[in-house]
> 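Sharing a structure below in structure tokens format, with a few things to ask.
Remember, it's a predicted structure, so these values are computed and weren't measured experimentally.
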Amino acid sequence: MSFEYAPVTKGLMMGSALTSIIGGIFDVKHYLHLQLVPHVSRNHQYWRLLLHHTAFSNSSDLLVAEILLYGVGVHIERQFGSVKFASFTVASVLLATILEFLTLILFHNMGINQIPSGPSALLFSILYQWYRLIPPAYHFRIFGIAGSNKAFIYILASQLAFGHLPGSFTPAVVGLLTGFIYRSEFVNIKSWRLSPSIIRFSTRFLLPLVGSTRAPRRSTRARPETTHQTLSPDIGNEEIIATARPSAGTEETGGSVMRDWVNELTGRNEQGTTGVRVPSDAEITQLTTMFPNMQRAVIVGALQRRSAFLLFQEISIRF
């Protein structure tokens with residue numbers, strides 16, 4: 001899987017990694033988490049409401065989030081399209097910010113006073129869309145417990161949700177609720193899109209920073225190795241073999257017998273490249289005398305099939 005048709009997901013991964021690394025280098029991570037008391041209620045640091053979505057506080061959360069974004073975000077962006085997915089991320093961040101602030105106000109007396117830094121709410125909102133839209137690729141059963149390939153993504157997401165209780169559980173629930181609200185008809189935000197001016201600005205200035213998202217193109221042609229040996233006059237009649245040559249001093253195995261058999265059936269032995277016996281003129285003349293109405297090609301084919309049958313018997317004896 002690649003980032004083809006998923007530049008927004010790649011930008012989110014690069015941005016989260018870059019801001020988290022910069023925050024650790026300059027030792028400013030203590031400005032990134034969201035805490036109701038005293039940062040918001042007493043010091044009125046409302047900028048933390050949006051800033052805490054920008055970077056993770058530790059490398060383990062960053063690693064899990066990058067894996068989840070790569071495994072989940074690429075599929076959702078391809079389903080939505082880049083413009084709709086970018087609009088979805090902006091709407092999810094804004095809605096999650098409001099819900100997180102309300103959660104801190106309502107439940108701070110119950111011990112929920114702090115939310116760790118990082119775009120966990122956005123990640124769980126994307127995870128909800130992935131749960132609703134992407135079917136499982138395969139199912140399995142371990143000790144009688146049924147599961148699918150999506151179980152591995154859920155296990156990683158649980159690491160992020162239960163890593164720093166009770167604060168880490170709040171953005172997980174808020175993110176899932178945000179994804180549910182986006183897909184529901186409670187608030188009609190599915191039709192909202194970013195303005196064309198923002199899209200043009202992002203395409204012109206931000207997309208080049210993300211880099212290419214095209215998948216690598218791999219050639220399916222088998223090219224022979226280039227040698228510096230002198231070419232013989234009969235090089236045009238030789239067969240190009242794209243497999244490794246056997247080492248010197250080794251005996252022929254059943255693979256060479258099988259190759260000879262295939263060459264017998266396809267008629268390539270007439271080129272004199274494999275050393276397989278060609279039907280002699282005496283055999284062809286004898287059968288032509290016995291069956292004068294038969295064409296020469298039919299007689300040669302019958303002799304080749306007889307040789308192939310003998311080769312098949314030889315293969316059966318060897319194996």
Side-chain angles (χ1 to χ4, degrees), residues 8-9 11-13 15-17 19-20 23 29 31-36 39-41 45-57 61-62 64-66 68-69 71-73 76-77 79-80 83-108 110-133 153-154 156-194 198:
V8 179
T9 302
L12 287 175
M13 293 179 63
S16 299
T19 53
S20 300
K29 288 186 176 180
Y31 291 109
L32 300 178
H33 70 277
L34 178 61
Q35 187 171 346
L36 182 64
H39 295 155
V40 178
S41 62
Q45 297 176 356
Y46 296 105
W47 47 268
R48 288 179 179 266
L49 293 173
L50 289 176
L51 191 64
H52 84 282
H53 292 291
T54 57
F56 287 95
S57 59
D61 290 347
L62 175 62
V64 173
E66 294 287 286
L68 288 175
L69 273 175
V72 174
I76 298 303
E77 184 172 356
Q79 289 276 341
F80 282 6
V83 175
K84 181 180 178 181
F85 184 75
S87 305
F88 160 74
T89 56
V90 173
S92 296
V93 168
L94 295 178
L95 183 58
T97 301
I98 297 173
L99 293 178
E100 285 177 345
F101 187 44
L102 292 177
T103 301
L104 291 178
I105 293 176
L106 296 176
F107 299 102
H108 72 279
M110 301 174 60
I112 303 177
N113 185 52
Q114 179 181 350
I115 294 178
S117 60
S120 300
L122 172 62
L123 185 58
F124 278 92
S125 181
I126 299 174
L127 183 64
Y128 181 83
Q129 312 303 317
W130 184 76
Y131 161 74
R132 292 294 303 272
L133 295 177
I153 297 294
Y154 298 146
L156 285 176
S158 64
Q159 300 267 342
L160 202 60
F162 298 102
H164 308 283
L165 291 175
S168 60
F169 189 71
T170 302
V173 175
V174 168
L176 295 176
L177 182 60
T178 301
F180 172 77
I181 294 174
Y182 183 85
R183 289 195 59 84
S184 66
E185 301 296 334
F186 296 154
V187 181
N188 190 17
I189 58 177
K190 289 191 294 184
S191 59
W192 178 79
R193 297 292 183 273
L194 294 171
I198 296 178

> List the residues meeting side chain to side chain donor-acceptor pair (under 3.5 Å) with Y182, not counting sequence neighbours, and say none if there are none.
none

> Restricting to side chain to side chain donor-acceptor pair (under 3.5 Å), what partner residues turn up for D61, sequence neighbours left out?
N58, H164

> Nearest 0.5 Å please: distance from the OG1 atom of T103 over to the CD1 atom of I98.
11.5 Å

> Between I126 and G73, which heavy-atom pair has the shortest distance, and what is it?
CG2-CA, 4.1 Å

> Mind listing the closest non-hydrogen atom pair of L36 and L104 along with its distance?
CD2-O, 3.2 Å

> Tell me every residue that passes side chain to side chain donor-acceptor pair (under 3.5 Å) with Q45, counting only those two or more places apart in sequence or in another chain.
R48

> Working to the nearest 0.5 Å, report the span between CD1 of I105 and CD1 of I112.
13.0 Å

> Which distance, rounded to the nearest 0.5 Å, do you find between the OH of Y46 and the OG of S41?
8.0 Å

> By the side chain to side chain donor-acceptor pair (under 3.5 Å) test, which pairs, at least two apart or in different chains, include something from residues 120-130?
S92-S125, Y128-R132

> Which heavy-atom pair separates P116 from H52 by the least distance, and what is that distance?
O-CD2, 4.0 Å

> Holding to side chain to side chain contact (heavy atoms under 4.5 Å, CB included), I want the full list of residues that pass it with L133, two or more places apart in sequence or in another chain.
I76, F80, R183

> Looking at residues at least two apart in the chain, or sitting in another chain, which of them share a side chain to side chain contact (heavy atoms under 4.5 Å, CB included) with Q35?
H33, P38, H39, N113, Q114

> Does any N or O in the side chain of S168 come within less than 3.5 Å of the main-chain N or O of A161, such that one atom is a donor and the other an acceptor?
yes

> Could you pull out all residues at least two apart from K29 that satisfy salt bridge (charged side-chain N to carboxylate O under 4.0 Å, His left out)?
none

> Using atom types as modelled and distance alone, determine if a side-chain donor or acceptor of T97 lies under 3.5 Å from a backbone N or O of L50.
no

> Taking side chain to side chain contact (heavy atoms under 4.5 Å, CB included) as the test, write out the residues that go with T54, two or more places apart.
L32, L51

> Give, for atom CG of L34 and atom NE2 of H53, the distance between the pair rounded to the nearest 0.5 Å.
8.0 Å

> Shortest non-hydrogen contact from L68 to A157?
CD1-CA, 3.8 Å

> For V40 and F101: C-alpha separation, side-chain torsions, deciding distance, then whether side-chain contact (heavy atoms from CB on, under 4.5 Å) applies.
CA-CA 10 Å; V40 178; F101 187 44; 3.8 Å; yes

> Can you measure from NZ (K190) to OG (S184) and round to the nearest 0.5 angstrom?
7.5 Å

> Please identify which of these residues, I153, L156, L69, L160, meets the side chain to side chain contact (heavy atoms under 4.5 Å, CB included) condition with L127.
I153

> How would you list, by chain and number, every residue that makes a side chain to side chain donor-acceptor pair (under 3.5 Å) with T9, sequence neighbours excluded?
E77

> Hey, mind stepping through V8 and F88 against side-chain contact (heavy atoms from CB on, under 4.5 Å) and telling me if it holds?
CA-CA 11 Å; V8 179; F88 160 74; over 6 Å; no

> Report yes or no: does S117 contribute a side-chain atom to a donor-acceptor pair with the main-chain N or O of S57 at less than 3.5 Å?
yes

> Is the backbone of M13 close enough, under 3.5 Å, to the side chain of S16 for a donor and an acceptor to pair up by distance?
no

> Can you list everything that forms a ring pair (Phe, Tyr, Trp, His ring centres under 6.0 Å) with F107? Sequence neighbours excluded, please.
none

> CD1/I181 to CG/L95 distance, rounded to the nearest 0.5 angstrom?
5.0 Å

> Return the set of residues passing side chain to side chain contact (heavy atoms under 4.5 Å, CB included) with V90 (not counting sequence neighbours), or none when no residue passes.
L94, W192, L194

